[in-house]
Asks: 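Input: one structure, supplied below.
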Amino acid sequence: MRLPKSKKLADIFELYADDPDRADWLVFGRKPHNDRRGFLKGVGLATMGAVLGAVIPFHRNMPSGFIPEAIAANRVQIAGKDGLTVLNDRPVNAETPAHLLNDEVTPTARHFIRNNGVVPDEMDAASWRLRIDGLVNNPLTFSIEDLRKKFDVVTQRLTIECGGNGRAFFDPPARGNQWTLGAVACSEWTGVRLADVLKAAGVKENVVYTAHVGADTHLSGKEGKLPLSRGVPIQKAMNPSNLIAFGMNGGPLHPMNGAPLRLVIPGWPGSCSHKWLKRIWLRNVVHDGPKMTGSAYRVPYYPVFPGEKVPESAMKIIHAMPVKSLITSPQTGLSTVGRDLSVAGHTWAGDGVVERVDVSIDFGASWKRARLALPANPYAWQRWTAELRFPRKGYYEVWARATDDKGVSQPFAIAWNPKGYLNNSMHRISVRVS
Ligand SMILES: Nc1nc2c(c(=O)[nH]1)N[C@H]1C(S)=C(S)[C@@H](COP(=O)(O)O)O[C@H]1N2
Ligand SMILES: [Mo]
């Protein structure tokens with residue numbers, strides 16, 4: 001019996017129906033064929049505990065074929081998270097509904113979770129070490145205390161968006177987590193500048209790329225196999241906004257968001273912001289770790305038709321994320337009696353700045369310019385607000401469209417690509433006026 005690579009919660013129901021033994025193994029880490037003496041200290045059990053928000057002290061007693069009630073009743077909770085929609089339990093992946101992202105600074109409880117592997121058991125800040133090595137003049141090892149003492153400690157609001165945010169809207173569909181809108185957040189991160197730490201180690205002239213290594217482990221359980229190891233070109237790594245962060249919104253990092261130490265490399269796919277960070281290795285080649293190669297985090301060089309086969313040689317690594325916006329207030333589906341409505345949201349644009357946001361209530365026939373704030377600091381998302389008046393009762397949609405400082409606007413429809421990355425099509429919400 002092989003442990004599946006990943007399982008969506010919905011699939012668990014099917015699995016229990018078809019093969020309760022296999023389901024038990026997946027959910028509780030229990031050996032198949034009702035062998036009640038042999039238990040795996042399974043990754044299944046650990047992640048299920050994370051999804052349920054607690055360990056399961058009596059897991060051995062759970063009758064074969066029983067679905068945990070909290071999952072059966074769709075009342076899944078992740079400890080320290082609030083209102084997230086769980087897309088997958090192995091690895092844990094959860095997104096935040098748009099209306100719960102209305103805060104200018106995303107609270108830790110609302111920051112999405114994107115895991116590729118199994119979260120580490122050990123996240124002790126006092127004994128944590130970070131190694132900087134590879135093509136440096138002085139390989140260095142730091143404790144978190146060393147980082148605090150040796151470098152400027154800075155606090156910045158930084159937007160992190162998963163490269164696959166919006167994948168759920170692709171047609172034909174793309175495999176992977178079916179993110180809708182909520183794999184994005186802008187928390188306030190505290191840490192030291194990645195550039196300062198790299199300079200302290202002495203970056204050699206031939207360095208072209210960073211390589212990031214964390215403490216999470218591969219779903220297969222294979223020793224030494226990394227779930228993910230990505231990197232960025234050294235020019236991007238030296239951007240002063242990048243942090244090695246040990247603080248999140250004035251507190252510690254949430255265990256699912258990389259405690260006790262992570263990279264935050266804003267503006268680029270979230271996968272560059274390595275969690276549970278243990279090592280940064282400087283290389284003289286484009287890094288080729290897991291999820292750097294093949295079609296991972298790559299898009300075609302040229303526009304393709306939906307569903308078109310694209311050879312791997314025609315794919316390039318994603319750099320900056322595209323311009324995008326969200327309507328975070330009101331919640332979609334609003335019914336209102338008044339004809340006036342305030343709408344608000346956030347907007348962001350990879351390495352750039354958003355220059356304008358326009359809103360439409362007539363399916364894009366006409367547009368009204370929204371008020372737009374400057375970012376609190378580079379790479380913070382920008383607040384936008386607009387006052388709308390509906391001409392008569394009926395069903396409306398509010399559409400929002402951002403334009404960045406290069407004059408690039410969000411498209412109406414998705415620019416399709418095989419893996420479902422970079423969907424920055426306009427967000428729309430429905431409003432009924434009676
Ligand atoms: N070590 C490690 N770092 C990681 C990941 C991971 O699986 N392991 N996932 C990456 C991806 S794909 C994203 S989008 C961001 C998400 O950060 P968050 O889970 O804190 O929201 O973390 C990145 N860092
Ligand atoms: Mo991601």
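Each ligand, and each atom within it, is numbered from 1 in the order the structure gives. On a predicted model such as this, the values are computed, not experimentally measured, just so you know.
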Asks: Distance under 4.0 Å to a non-hydrogen atom of His111: what atoms of ligand 1 satisfy this?
Replies: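 This gives 18 (P), 20 (O), 21 (O) as the contact atoms.
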
Asks: Less than 3.5 Å apart, any donor N or O on the side chain of Tyr209 or Asn284 sitting next to an acceptor on the other?
Replies: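 On atom types as modelled, these side chains do not qualify, holding no pair under 3.5 Å.
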
Asks: Judged on heavy-atom distance to atom 1 (N) of ligand 1, which of Lys275, Met248, Lys278, His212 sits nearest?
Replies: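 Looking at heavy atoms only, Lys275 sits closest to atom 1 (N) of ligand 1.
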
Asks: Can you sort out which atoms of ligand 1 are near Ser273, meaning under 4.0 Å from one of its heavy atoms?
Replies: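 Once the distances to Ser273 are compared, the set is 22 (O), 23 (C), 24 (N).
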
Asks: By number and element, which atoms of ligand 1 are closer than 4.0 Å to a non-hydrogen atom of Cys162?
Replies: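 So the atoms of ligand 1 that pass are 14 (S).
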
Asks: Please confirm whether Arg371 makes a cation-pi placement over Trp384, using NZ or CZ under 6.0 Å from the six-membered ring centre and within 45° of the ring normal.
Replies: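 The answer is no; the distance or angle limit is not met.
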
Asks: Is a salt bridge present between Asp196 and Lys150, judged by a nitrogen-to-oxygen distance below 4.0 Å?
Replies: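 A salt bridge is absent here (no side-chain N lies under 4.0 Å from a carboxylate O).
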
Asks: To the nearest 0.5 Å, how far apart are SG in Cys272 and CG in Asn242?
Replies: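 Result: 9.5 Å between the selected atoms.
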
Asks: Is Arg148 salt-bridged to Asp146, going by a charged N under 4.0 Å from an acidic O?
Replies: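 A salt bridge is absent here (no side-chain N lies under 4.0 Å from a carboxylate O).
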
Asks: Select the closest option to atom 17 (O) of ligand 1 among Lys291, Arg114, Arg262, judged by heavy-atom distance.
Replies: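 Shortest heavy-atom distance from atom 17 (O) of ligand 1: Arg262.
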
Asks: Within a distance under 4.0 Å of any heavy atom of Asn257, pick out the atoms of ligand 1 and give their elements.
Replies: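 It comes down to these atoms of ligand 1: 18 (P), 19 (O), 20 (O), 21 (O).
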
Asks: Identify the closest protein heavy atom to atom 5 (C) of ligand 1: which residue and atom is it, and at what distance?
Replies: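 Protein heavy atom with the smallest distance to atom 5 (C) of ligand 1: Leu228 CD2, 3.3 Å.
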
Asks: Drop me the distance from His274's NE2 to Arg262's CZ, to the nearest 0.5 angstrom.
Replies: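 It comes to 10.0 Å.
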
Asks: I'd like to know if Asp216 pairs up with Lys275 as an ion pair, taking the criterion as any Lys NZ or Arg NE/NH1/NH2 lying under 4.0 Å from an Asp or Glu carboxylate oxygen.
Replies: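 Looking at Lys275 together with Asp216, the answer is no, because their closest N to O distance does not fall below 4.0 Å.
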
Asks: Mind checking whether Phe112 has an N or O less than 3.5 Å away from an N or O of ligand 1?
Replies: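 Yes, at least one N or O pair falls under 3.5 Å.
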
Asks: Trp276 heavy atoms, cut-off 4.0 Å: which ligand 1 atoms fall inside?
Replies: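 Close to Trp276: 1 (N), 2 (C), 8 (N).
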
Asks: Quick check on contacts: which atoms of ligand 1 are under 4.0 angstrom from a heavy atom of Ile113?
Replies: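 Near Ile113, meaning under 4.0 Å from one of its heavy atoms, ligand 1 has 19 (O).
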
Asks: State the atoms of ligand 1, each with its element, that fall below the 4.0 Å cut-off from a heavy-atom position in Tyr297.
Replies: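 By the 4.0 Å cutoff, the relevant atoms are 12 (S).
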
Asks: Check each atom of ligand 1 against the heavy atoms of Asp216 and keep those under 4.0 Å away; list them by number with element.
Replies: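 Near Asp216, the atoms of ligand 1 are 1 (N), 2 (C), 6 (C), 7 (O), 8 (N).
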
Asks: Under a 3.5 Å cutoff, is there a donor and acceptor pairing between the side chains of Asp288 and Thr293?
Replies: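 On atom types as modelled, these side chains do not qualify, holding no pair under 3.5 Å.
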
Asks: For the aromatic rings, using the six-membered ring if either is Trp, is the centroid distance between His212 and Trp276 under 6.0 Å?
Replies: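 For His212 and Trp276, the ring centres are not under 6.0 Å apart.
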
Asks: Suppose we measure from atom 15 (C) of ligand 1 to each protein heavy atom; which comes out shortest, and what is that distance?
Replies: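 So the nearest neighbour among protein heavy atoms is Gly270 O, 3.4 Å.
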
Asks: So is Glu161 polar-close to ligand 1, meaning N/O to N/O under 3.5 Å?
Replies: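 No - when backbone and side-chain N and O of Glu161 are compared with those of ligand 1, no distance drops under 3.5 Å.
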
Asks: Centroid-to-centroid, Phe142 to Phe151, below 6.0 Å?
Replies: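 Ring-ring flag for Phe142/Phe151: true, centres closer than 6.0 Å.
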
Asks: Look at atom 10 (C) of ligand 1 and say which protein heavy atom is nearest, naming residue and atom and giving the distance to 0.1 Å.
Replies: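 Nearest neighbour among protein heavy atoms for atom 10 (C) of ligand 1, to 0.1 Å: Ser271 CA, 3.6 Å.
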
